[in-house]
Amino acid sequence: MSGPINFSYGGGEDSDHRQDLGRRTYDPYKDLQIPYRAIYDLPTSPEFLFQEESAVQRRSWGENLTYYTGIGYVGGSFAGASVGLYNGLRAAEPGDTLKLRLNRVLNSSGQDGRRLGNRLGIIGLLYAGMESGLVAVRDRDDWINSVVAGLGTGAFYKAANGPRSAAIAGAIGGLMVGAAVAGKQVLKRYVPI
């Protein structure tokens with residue numbers, strides 16, 4: 001045998017370059033008749049077990065529930081923590097030590113983040129449940145379900161405060177979701193995907 005054996009996993013330009021230097025390369029996949037490169041080329045599109053699942057262009061009710069609740073909780077937690085950070089920094093007194101200021105900021109951020117996160121998580125849970133229920137009842141998935149779910153979510157969330165608060169909150173919820181749906185349609189029309 002002349003020269004050392006170079007152990008290289010795979011072919012390509014690097015192995016050709018090594019053979020030019022008078023070295024022999026080792027390819028462990030050479031004698032196998034399998035397309036080993038296809039193992040690592042994974043598809044980027046979702047894969048479905050059943051053909052019926054691929055025809056549906058919508059999340060299931062469980063995925064919808066998890067998505068809106070999670071987005072509401074995480075978004076509310078970050079927003080509440082930011083408000084708490086501001087309030088904690090503003091409440092600092094001139095004679096406070098660094099440890100006391102830090103404690104005040106952390107307590108305020110945690111308390112406000114938890115409070116707003118829970119509220120928005122509940123709103124997301126109510127909205128997802130109502131929207132999925134409307135899709136199941138109407139057997140259609142359109143903008144009407146979203147707007148009515150927003151209206152119902154606002155009204156149901158503030159129902160304990162009286163009918164006037166429920167009506168105002170329902171109107172605000174319906175308008176917010178209507179604006180979001182309209183914005184999505186405009187975005188779909190003018191922004192190529």
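Defined by atom type and a distance below 3.5 Å, a donor-acceptor pair is missing between the side-chain atoms of Asn87 and Ser108.
For the atom pair Arg114 CZ and Arg119 CZ, the distance stands at 12.5 Å (nearest 0.5 Å). A distance of 9.0 Å separates CG in Leu106 from CG in Leu85, rounded to the nearest 0.5 Å. Atom OG1 of residue Thr69 and atom CD1 of residue Ile123 lie 11.0 Å apart, to the nearest 0.5 angstrom. Atom CG of Asp112 and atom OG of Ser77 lie 11.0 Å apart (nearest 0.5 Å). Annotation: the span from Leu125 atom CG to Thr66 atom OG1 amounts to 9.5 Å, rounded to 0.5 Å. Atoms CG and OH, on Asn118 and Tyr73 in that order, are 5.5 Å from each other to the nearest 0.5 Å.
Grouping the Ile, Leu, Val, Met, Phe, Trp and Tyr side chains by contacts below 4.5 angstrom, directly or via other members, places Leu116 with Leu126. Taken together through direct or relayed side-chain contacts under 4.5 Å among Ile, Leu, Val, Met, Phe, Trp and Tyr, Val177 and Tyr67 form part of one hydrophobic cluster. There is a path of hydrophobic side-chain contacts, each under 4.5 Å, that joins Ile71 to Tyr68. One hydrophobic cluster, built from ILVMFWY side chains closer than 4.5 Å, cannot hold both Met130 and Met176; they sit in different ones.
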Listing, residues 142-163 side-chain donor-acceptor contacts under 3.5 Å, not counting sequence neighbours, or none:
residue : atom : partner : partner atom : Å
Asp142  : OD1  : Arg138  : NH1          : 2.8
Asn145  : OD1  : Arg138  : NH1          : 2.7
Asn145  : ND2  : Arg140  : O            : 2.6
Ser146  : OG   : Glu131  : OE2          : 3.0
Thr153  : OG1  : Tyr127  : N            : 3.4
Thr153  : OG1  : Ala149  : O            : 2.6

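Summarising the hydrophobic clusters (Ile, Leu, Val, Met, Phe, Trp, Tyr; side-chain heavy atoms under 4.5 Å, direct or chained), the residues clustered with Val186 are Tyr190.
Of all heavy-atom pairs between Asn64 and Ala128, the closest is O-CB, 3.6 Å. Arg104 and Glu93 make their closest contact through NH1-N, 4.1 Å (heavy atoms, listed as atom of the first residue, atom of the second, distance).
With hydrogens and angles ignored, the 3.5 Å screen pairs no side-chain donor or acceptor of Gln185 with any backbone N or O of Ala182.
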